[in-house]
**Student:** 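Before I ask anything, let me first share the structure, which is written out below as C-alpha cells.
Whatever order the structure lists ligands and atoms in, that order sets their numbers, starting from 1. Throughout, residue positions are numbered sequentially from 1 according to the sequence presented.
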Amino acid sequence: MFTEARLDKRLPVRGLGSPLHFYETIGSTNDRAADLARQGSPHGTLVVADEQTQGRGRAGRVWNTAAGTALAYSLVLRPAGDPDLSDPQGMNVLGALAVVDYLRELGAQAGIKWPNDVLLAGRKVAGVLAEASWMGDRLEWIVLGTGVNIRRGSVPPRTEISYPAISLDQGLGRELDRGEVLVGVLDSLGHWLGIAGTKEYRDSVLDRLAFLGEQVEVSGGDRRMHGTLEGIDAAGRLELRTAEGKLMVISAEEFQLVPRDFDP
Ligand code: BTN
C-alpha cells in the first residue's frame with residue numbers, strides 16, 4: 001500500500017523526504033512544492049501524490065497521473081552554491097540520472113534521453129521537470145519533479161504522446177511497490193546530489209546517456225538539426241556534431257531529441 005504512514009517510516013533518505021506532504025489527489029506536485037518553497041520549506045521537503053489532475057511536463061505538456069498507477073513527486077532543493085545544481089537543465093539531467101541508476105540496480109536496461117527523460121528498454125518510463133526561483137542572481141530554490149510510469153494504466157495512449165512509453169512493470173516483468181521505488185530513487189538522487197559536478201558525476205551521465213555517439217535529430221519550433229550526439233556539457237546542454245564538423249551546443253528549451261531514423 002502506498003500511504004503516508006508507510007512512507008513516513010522510511011523517510012528521509014540522505015536528507016531527502018522530510019517534511020513529507022502526501023496527497024490522495026492534487027493538481028500538480030510541482031506547484032505545491034513551489035508554494036511550500038515560497039513559504040520557506042527546507043531543502044528535502046517532499047510532495048507526493050497518488051493522483052495528479054493538473055500535472056505538468058516540459059514545454060507546457062500535460063502529465064496527469066491516474067490514482068494507483070504511477071509515482072508523482074516533487075522535492076524542494078536549496079543547493080548550496082554548486083554551479084551544476086543552479087541550472088534547471090542540469091537538474092533535469094541529475095533527476096533523470098537518479099532514476100536511471102535505480103533502475104540499473106534492479107537489472108533494467110535504462111538510459112537518460114536528453115533533456116529530461118528516462119528510457120527503459122528504449123521507451124519512456126519517466127520524465128523530470130525542474131523549475132527554479134531566482135532572487136537577482138541568487139538561486140532561492142529548485143523544485144525537482146519526477147513522474148514514473150509504474151503500472152500499465154499510467155502509460156498514455158500512443159496518440160497522446162510523441163515518444164513510445166512503457167511502465168515499470170511492463171519493462172521489468174514484475175510489480176514493484178511505489179514506496180519502494182520512491183525510497184530507492186531518493187537514495188540514488190541523494191548520492192548524485194552529493195557529488196554533482198565532479199568528474200565521476202559527469203562520466204556517469206555520459207555513460208548512461210542514450211544515443212551517445214549515434215546519429216540523432218533535434219527539433220523544436222521550426223528548427224530541425226541532425227548530427228552525432230557527442231555529449232552533455234556541465235550545464236546540461238546537448239553537444240551535437242553536424243556532418244560539416246561543427247559542434248552545436250543546444251539548450252533544452254523547446255527542443256526534443258529522437259534517433260536519426262525515428263519511426264514512431
Ligand atoms: C516531462 O516528461 O515532460 C516531464 C514530466 C514531469 C512530470 C512530473 S510528475 C510530478 C511533478 N509534478 C508535475 O506537475 N510534473 C512533475
Side-chain angles (χ1 to χ4, degrees), residues 2 7 16-17 20-37 41 45-77 88-100 103 110-120 122-133 141-151 153-156 158 160-168 178-179 181-182 185-186 189 210 218-220 236 238 251-258 264:
F2 190 52
L7 271 182
L16 303 173
L20 168 67
H21 298 259
F22 184 93
Y23 297 88
E24 298 286 329
T25 182
I26 201 167
S28 155
T29 57
N30 260 37
D31 289 348
R32 182 67 189 122
D35 284 345
L36 290 164
S41 212
T45 299
L46 177 65
V47 179
V48 186
D50 184 27
E51 178 188 34
Q52 268 192 140
T53 55
Q54 288 171 31
R56 295 181 291 106
R58 202 171 66 88
R61 286 191 281 268
V62 171
W63 184 287
N64 284 337
T65 308
T69 67
L71 193 54
Y73 64 88
S74 302
L75 277 165
V76 174
L77 301 175
Q89 211 166 297
M91 283 303 298
N92 276 329
V93 172
L94 193 145
L97 173 65
V99 179
V100 165
L103 296 181
I112 303 168
K113 180 167 137 349
W114 182 87
N116 65 328
D117 294 341
V118 174
L119 298 184
L120 173 60
R123 292 163 174 252
K124 178 163 171 171
V125 70
V128 179
L129 181 65
E131 298 176 301
S133 171
W141 45 261
I142 284 189
V143 164
L144 184 67
T146 306
V148 187
N149 302 333
I150 302 283
R151 307 263 179 268
S154 62
V155 178
R158 187 67 192 89
E160 287 178 18
I161 46 181
S162 57
Y163 203 83
I166 194 171
S167 61
L168 204 53
R178 282 181 288 169
V181 177
L182 177 61
V185 173
L186 291 183
L189 187 68
V218 182
S219 59
L238 187 83
S251 294
E253 293 157 3
E254 307 292 298
F255 287 107
Q256 108 141 351
L257 175 147
V258 294

**Student:** Among all protein heavy atoms in this structure, tell me which lies nearest to atom 15 (N) of ligand 1, with the distance rounded to 0.1 Å.
**Tutor:** R56 O, 2.7 Å
**Student:** Which of the atoms in ligand 1, numbered in the order shown and given with their element, are less than 4.0 Å from a heavy-atom of S74?
**Tutor:** 11 (C), 12 (N)
**Student:** Quick check: does R61 get an N/O under 3.5 Å from an N/O on ligand 1?
**Tutor:** no
**Student:** What residues, two or more places apart in sequence or in another chain, satisfy salt bridge (Lys or Arg N to Asp or Glu O under 4.0 Å) together with R58?
**Tutor:** none
**Student:** With a cut-off of 4.0 Å, which atoms of ligand 1 are near a heavy atom of N116?
**Tutor:** 1 (C), 2 (O), 3 (O), 4 (C)
**Student:** Is any side-chain heavy atom of L46 closer than 4.5 Å to a side-chain heavy atom of L182?
**Tutor:** yes
**Student:** Can you sort out which atoms of ligand 1 are near G57, meaning under 4.0 Å from one of its heavy atoms?
**Tutor:** 1 (C), 3 (O), 4 (C), 5 (C)
**Student:** Under 4.0 Å from a heavy atom of Y73: which atoms of ligand 1 are those, numbered in the order shown and with their elements?
**Tutor:** 10 (C)
**Student:** Of the non-hydrogen atoms in L257 and W114, which two are nearest, and what is the gap between them?
**Tutor:** CB-O, 3.8 Å
**Student:** What are the atoms of ligand 1, with element, lying closer than 4.0 Å to any heavy atom of V128?
**Tutor:** 4 (C)
**Student:** Could you tell me whether some N/O pair between R58 and ligand 1 is separated by less than 3.5 angstrom?
**Tutor:** yes
**Student:** Are any of the N/O atoms in Q52 less than 3.5 Å from those in ligand 1?
**Tutor:** yes
**Student:** Identify, by atom number and element, the atoms of ligand 1 in contact range of K124, meaning under 4.0 Å from any of its heavy atoms.
**Tutor:** 1 (C), 2 (O)
**Student:** Which atoms of ligand 1 are found less than 4.0 Å from any heavy atom of T29?
**Tutor:** 10 (C), 11 (C), 12 (N)
**Student:** Using modelled atom types only, decide if a donor and an acceptor are shared between the side chain of D50 and the backbone of G68 within a distance under 3.5 Å.
**Tutor:** yes
**Student:** Is the backbone N or O of G55 less than 3.5 Å from a side-chain atom of N64, with the two atoms forming a donor-acceptor pair by type?
**Tutor:** yes
**Student:** S74 and side chain to side chain donor-acceptor pair (under 3.5 Å): which partner among T146, T45, T29?
**Tutor:** T29
**Student:** Does a side-chain heavy-atom distance below 4.5 Å link I26 with Q52?
**Tutor:** yes
**Student:** State, to 0.1 Å, how close N30 and L144 come at their nearest heavy-atom pair, and which atoms those are.
**Tutor:** OD1-C, 4.3 Å
**Student:** List ligand 1 atoms under 4.0 Å from G55, heavy atoms only on the residue side.
**Tutor:** 14 (O)
**Student:** Go through the structure and list residues passing side-chain hydrogen bond (donor to acceptor under 3.5 Å, both in side chains) with T53, not counting sequence neighbours.
**Tutor:** none
**Student:** Considering only heavy atoms, does D117 approach ligand 1 within less than 4.0 Å through its side chain, its backbone, both, or neither?
**Tutor:** side chain
**Student:** Ligand 1 and W63, any nitrogen or oxygen pair closer than 3.5 angstrom?
**Tutor:** no
